[in-house]
Amino acid sequence: MKIFEFAIIEHPTEDQRKAGGSSKLLVPPTAILAKDQAGAAMLAGRALPETVLAHLDRVEVAVRPF
């Protein structure tokens, strides 16, 4: 197992951006153990809040090796 770090970011819609909205950090950088980058991304996806499931096209899951 290797250590990875992930964060989840929600980006605003074009209308929200025009109104002054900006990206929000939904899940702060979090350390996890996984076999590889794909496994870490899968575990990170499980941490998605229910509130963003309707608009996943605006959600970014950032994963990197520690």
Side-chain angles (χ1 to χ4, degrees):
M1 301 291 269
K2 298 177 185 174
I3 188 166
F4 291 87
E5 191 172 47
F6 76 90
I8 300 176
I9 305 156
E10 179 183 22
H11 299 290
T13 63
E14 191 62 35
D15 291 337
Q16 290 171 334
R17 192 175 295 126
K18 287 178 183 176
S22 62
S23 298
K24 295 186 290 186
L25 187 62
L26 297 178
V27 177
T30 306
I32 56 172
L33 290 174
K35 184 176 180 180
D36 55 20
Q37 183 110 6
M42 233 175 167
L43 290 172
R46 296 170 107 187
L48 283 167
E50 294 257 341
T51 57
V52 300
L53 295 180
H55 55 275
L56 290 176
D57 58 320
R58 295 188 299 129
V59 175
E60 178 183 354
V61 178
V63 178
R64 70 175 182 149
F66 189 79

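In this chain, residues are counted from 1 in sequence order. Just so it is clear, the model here is predicted, and its values are computed rather than measured.
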Please report the interatomic distance [atom1]([X]) to [atom2]([Y]), rounded to the nearest 0.5 Å.
{"X": "Q16", "Y": "H11", "atom1": "CD", "atom2": "NE2", "value": "12.5 Å"}
{"X": "T30", "Y": "E5", "atom1": "OG1", "atom2": "CD", "value": "7.5 Å"}
{"X": "I32", "Y": "K2", "atom1": "CD1", "atom2": "NZ", "value": "13.5 Å"}

Transitive ILVMFWY side-chain link [X] to [Y], under 4.5 Å:
{"X": "I9", "Y": "L53", "result": "no"}
{"X": "L43", "Y": "M1", "result": "no"}
{"X": "L56", "Y": "V61", "result": "yes"}
{"X": "L25", "Y": "V59", "result": "no"}

Please give me the minimum heavy-atom distance between [X] and [Y], naming the atom from each residue.
{"X": "Q37", "Y": "P65", "answer": "OE1-CD, 3.8 Å"}
{"X": "A40", "Y": "F4", "answer": "CB-CG, 3.6 Å"}
{"X": "V27", "Y": "A47", "answer": "CG2-O, 3.8 Å"}

Task: Audit row: V52, I8, side-chain contact (heavy atoms from CB on, under 4.5 Å) steps and yes/no - done: CA-CA 11 Å; V52 300; I8 300 176; 5.8 Å; no
Open item on the list: Test of understanding: with salt bridge (charged side-chain N to carboxylate O under 4.0 Å, His left out), list the residues that count as partners of K24, not counting sequence neighbours.
Closed with: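 K24: salt bridge (charged side-chain N to carboxylate O under 4.0 Å, His left out) contacts with E10.
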